[in-house]
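Residue numbers count from 1 along this sequence. A quick note: this is a predicted structure, and the numbers were derived from the prediction, not measured. All values below come from the heavy atoms of this structure, side chains included, with hydrogens, waters and symmetry mates left out.
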Amino acid sequence: MEGEGVQPLDENLENGSRPRFKWKKTLRLVVSGIKGAGMLLCFIYVCLQLSSSPAKDPPIQRLRGAVTRCENGQLFIRSYENEYQTMEVQNNSVVIKCDGLYIIYLKVSFFQEVKIDLHFREDHNPISIPMLNDGRRVVFTVVASLAFKDKVYLTVNAPDTLCEHLQINDGELIVVQLTPGYCAPEGSFHSTVNQVPL
């Protein structure tokens with residue numbers, strides 16, 4: 001009676017464990033195959049990234065210049081010679097060669113009361129810069145979206161003084177690109193800027 005209905009231990013293990021053992025073995029093979037394919041794809045991706053030549057981004061555009069005097073209604077901007085500059089000053093204007101967001105910072109003091117406007121695009125109205133100390137001092141920062149061929153320049157108006165007779169103390173203009181965008185190839189700006197309509 002003891003042996004009725006009960007299978008021997010060896011027979012029970014063989015019948016129950018073999019199918020489960022084959023299933024686990026198959027699962028392990030499938031998981032190993034997926035891991036191997038994933039590793040192969042990662043290896044191929046890394047090899048492709050290393051073999052392709054990286055695109056060289058243009059340097060961040062920046063200029064730090066002194067504001068020293070007034071000429072023809074515009075503040076004269078002179079870039080510092082001993083500093084690395086990636087932007088140019090032409091005709092008292094900072095020439096924009098790359099699209100993107102730029103921060104424009106102006107700090108300047110006058111001995112007379114003045115009004116200053118910031119220009120950066122021909123078809124836009126200038127920004128009137130708020131003055132401090134009865135219109136004699138400026139500390140101004142703005143972020144502007146600038147594009148290729150834009151020009152940043154400052155016009156000044158003094159109620160009782162000619163532009164050329166304004167006395168400026170400690171002036172500085174800083175223009176720095178915050179977000180990179182399209183940049184014109186070297187030399188392309190000069191060829192279009194110097195064209196004169198007939």
Side chain proximity check, [X] to [Y], heavy atoms < 4.5 angstrom:
X	Y	result
Leu75	Ile168	yes
Asn72	Glu164	yes
Ile103	Thr141	yes
Thr155	Ile116	no
Ile129	Asp117	no
Val95	Val89	no
Val138	Leu132	no
Phe111	Asn169	yes

For the [atom1] atom of [X] and the [atom2] atom of [Y], what is their distance to the nearest 0.5 Å?
X	Y	atom1	atom2	result
Leu101	Thr179	CG	OG1	4.0 Å
Leu154	Ile104	CG	CD1	8.5 Å
Gln177	Met87	CD	CE	7.5 Å
Lys97	Tyr182	NZ	OH	12.5 Å
His165	Asp160	NE2	CG	13.0 Å
Ser79	Gln85	OG	CD	5.5 Å

So, does [X] use its side chain to make a donor-acceptor pair with the main chain of [Y] at under 3.5 Å?
X	Y	value
Arg121	Ser145	yes
Gln61	Val175	no
Asn92	Gln74	no
Gln112	Gln167	yes
Glu172	Gly65	no

[X] versus [Y], closest heavy-atom pair with distance:
X	Y	result
Tyr80	Gly171	OH-O, 4.5 Å
Leu166	Ala158	CD2-CB, 3.6 Å
Cys163	Gly73	SG-N, 3.4 Å

Are [X] and [Y] joined in one hydrophobic group, where the rule is that I, L, V, M, F, W and Y side chains link up if heavy atoms are under 4.5 Å apart?
X	Y	result
Leu118	Val156	yes
Val142	Val108	yes
Tyr105	Val143	yes
Leu106	Val139	no
Tyr102	Ile127	yes

Can you confirm whether more than 12 heavy atoms, excluding those of Asp170, are under 6.0 Å from its CG atom?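 Atom CG in Asp170 is packed in, count exceeds 12.
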
Side chain to side chain contact (heavy atoms under 4.5 Å, CB included) partners for Arg62, two or more places apart: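 Arg62 satisfies side chain to side chain contact (heavy atoms under 4.5 Å, CB included) with Tyr84, Thr86, Val176 only.
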
NZ or CZ of Arg136 within 45° of Phe110 ring axis and under 6.0 Å: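 No cation-pi geometry.
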
Please step through side-chain contact (heavy atoms from CB on, under 4.5 Å) for the pair Leu146 and Val152, ending with a clear verdict. CA-CA 9 Å; Leu146 302 177; Val152 175; 3.9 Å; yes

Phe140 and Met131: CA distance, side-chain angles, deciding distance, side-chain contact (heavy atoms from CB on, under 4.5 Å) verdict: CA-CA 9 Å; Phe140 179 74; Met131 303 297 290; over 6 Å; no

